[in-house]
Amino acid sequence: ELRVRLDLDPGSTSARIHVAGPDGRPVALVDGLAIREATAEQLQAGEQADHLYRVEFRMPGALRRQETPEAGMWVLGENAELSEILEADHVADVDALVAHLDDGRQAPARLAIDATTASQRAGESPGDAAAAQELTASALLTLQRLLGEQRLEQTELVWITRSAVDVDEDVRDLAHAPLWGLLRAARSEHAERVIRAVDLGDADADSALLHTAVATVGEPEIAIRGGEIRTARLVRATRTDLAEAVAPLAPDGSVLITGGLGELGRAVAAHLVGVHGVRHVVLTSRRGADAPGAGDVVAALRAVGAESVRVVACDVGDRAQVA
């Protein structure tokens, strides 16, 4: 955690930088930082994929495994099946866990949260958007309660999902996919805590490796597939990856651009029409066609090939207006 002060020299393109810790003590001093104007060629070079990365689950070189500490492991969840696989005590929910602590039981060294079956409850589908919203909200509440319980400050939290991340196949449990992003955010906000995620496949061999995966040290994200433990790694994205990630735009379809009359919105619209052949564009802004310059934007897009350009007044923060 640092405090940084920049002293810009108005008469030149240089700056003096002072860096201090939270207590005010100096950490570093940069007498002069030369600032150069970026050229058009440099900006165009930045469009390349040299510094883009993606997450890939790979076979690790080696895994460091930690035996279950003396304080033991508990499994939190409606189903007791995982507790049998992990040979751990079972608690149904956070209330039951807190009740055990109130009774004087020692907090577990590791708490595994079972998120493998909730999306299969009656009336829910693994790909149901409402189920995803409900389960993510429930997971957030559980996470907040666990992190707020002082008696669990030293407890490692491990969420267990099934087919919720992409590992050589499509994600089947879309309802739990957002949970991984939620845990990444929590891990960033609570760097002092151990918050991990383990994703199971459907094979029996995957479940057999769960105990090893949960006991692995230093790997925040693990996926088990085909009887193998794989760990999350950043790998450089290739142009093939980028091409596969971008679906072609249908010329006969309409493209909606929010903030379409702003500088960035106009540039995106012109690029889509002139480069990608989009023929129908809908631009939203708070004032719509009454916004200054709206007519000029429409004329410019028609000039580069757009067949229809609609300008609509819409506050994208208002769900009813968006609908």
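Please read these numbers as outputs of a predicted model, since none were measured by experiment.
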What I'd like to find out is whether the side chain of [X] reaches to under 4.5 Å of the side chain of [Y], using heavy atoms alone.
X      : Y      : result
Val55  : Leu234 : yes
Glu189 : Leu147 : no
Pro108 : Leu152 : yes
Ile229 : Ile222 : yes
Ile160 : Leu210 : yes
Val281 : Leu272 : no

Working to the nearest 0.5 angstrom, can you tell me the gap between [X] [atom1] and [Y] [atom2]?
X      : Y      : atom1 : atom2 : answer
Asp89  : Leu76  : CG    : CG    : 12.0 Å
His271 : Ile257 : NE2   : CD1   : 10.5 Å
Arg16  : Arg5   : CZ    : CZ    : 8.5 Å
Asp95  : His100 : CG    : NE2   : 11.5 Å
Glu228 : Arg58  : CD    : CZ    : 14.0 Å
Leu157 : Leu183 : CG    : CG    : 9.0 Å

Check whether any side-chain N or O of [X] sits under 3.5 Å from a backbone N or O of [Y] as a donor-acceptor pair, and report yes or no.
X      : Y      : answer
Asp206 : Gly226 : yes
Arg193 : Thr155 : yes
Thr142 : Ser138 : yes
Thr161 : Ala115 : no
His90  : Glu81  : no
Thr216 : Thr212 : yes
Arg230 : Met59  : no
Arg302 : Glu307 : yes

All salt bridge (charged side-chain N to carboxylate O under 4.0 Å, His left out) counterparts of Arg310, not counting sequence neighbours: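 For Arg310, no residue satisfies salt bridge (charged side-chain N to carboxylate O under 4.0 Å, His left out) once neighbours in sequence are set aside.
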
Can Arg286 and Asp318 be said to form a salt bridge (charged side-chain N to carboxylate O under 4.0 Å, His left out), step by step? CA-CA 11 Å; Arg286 288 180 178 271; Asp318 186 318; over 6 Å; no

Is any side-chain N of the basic residue among [X] and [Y] closer than 4.0 Å to the acidic one's carboxylate O?
X      : Y      : result
Asp199 : Arg162 : no
Asp166 : Arg54  : no
Arg233 : Glu221 : no

According to a 4.5 Å side-chain heavy-atom criterion applied to Ile, Leu, Val, Met, Phe, Trp and Tyr, with indirect links allowed, do [X] and [Y] form part of one hydrophobic cluster?
X      : Y      : value
Ile195 : Trp180 : no
Val214 : Ile113 : no
Trp74  : Leu82  : no
Leu256 : Val268 : no
Leu264 : Val298 : yes

Identify, with sequence neighbours excluded, every residue that meets side-chain hydrogen bond (donor to acceptor under 3.5 Å, both in side chains) alongside Arg196.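 With neighbours one apart ignored, the set is Glu156.
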
Closest heavy-atom pair and its distance - [X], [Y]:
X      : Y      : value
Ala223 : Val167 : CB-CG2, 3.6 Å
Pro22  : Arg3   : O-NE, 3.5 Å
Arg225 : Ser163 : NH2-CA, 3.7 Å
Thr231 : Pro60  : OG1-CB, 3.6 Å
Ala291 : Leu261 : CB-CD1, 3.6 Å
Ala213 : Ile224 : CB-CD1, 3.7 Å

Can you confirm whether more than 12 heavy atoms, excluding those of Glu37, are under 6.0 Å from its CD atom?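 For Glu37, atom CD is not crowded (no more than 12 foreign heavy atoms under 6.0 Å).
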
Looking at Gln321, I want to see if its CD is surrounded by more than 12 non-hydrogen atoms of other residues, nucleotides or ligands under 6.0 Å.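 Yes, because the 6.0 Å sphere around CD of Gln321 holds more than 12 heavy atoms from other groups.
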
Report the C-alpha distance between Leu146 and Leu111 in whole Å, list the side-chain angles of each, state the deciding distance to 0.1 Å, and finish with yes or no for side chain to side chain contact (heavy atoms under 4.5 Å, CB included). CA-CA 10 Å; Leu146 295 176; Leu111 178 66; 3.8 Å; yes

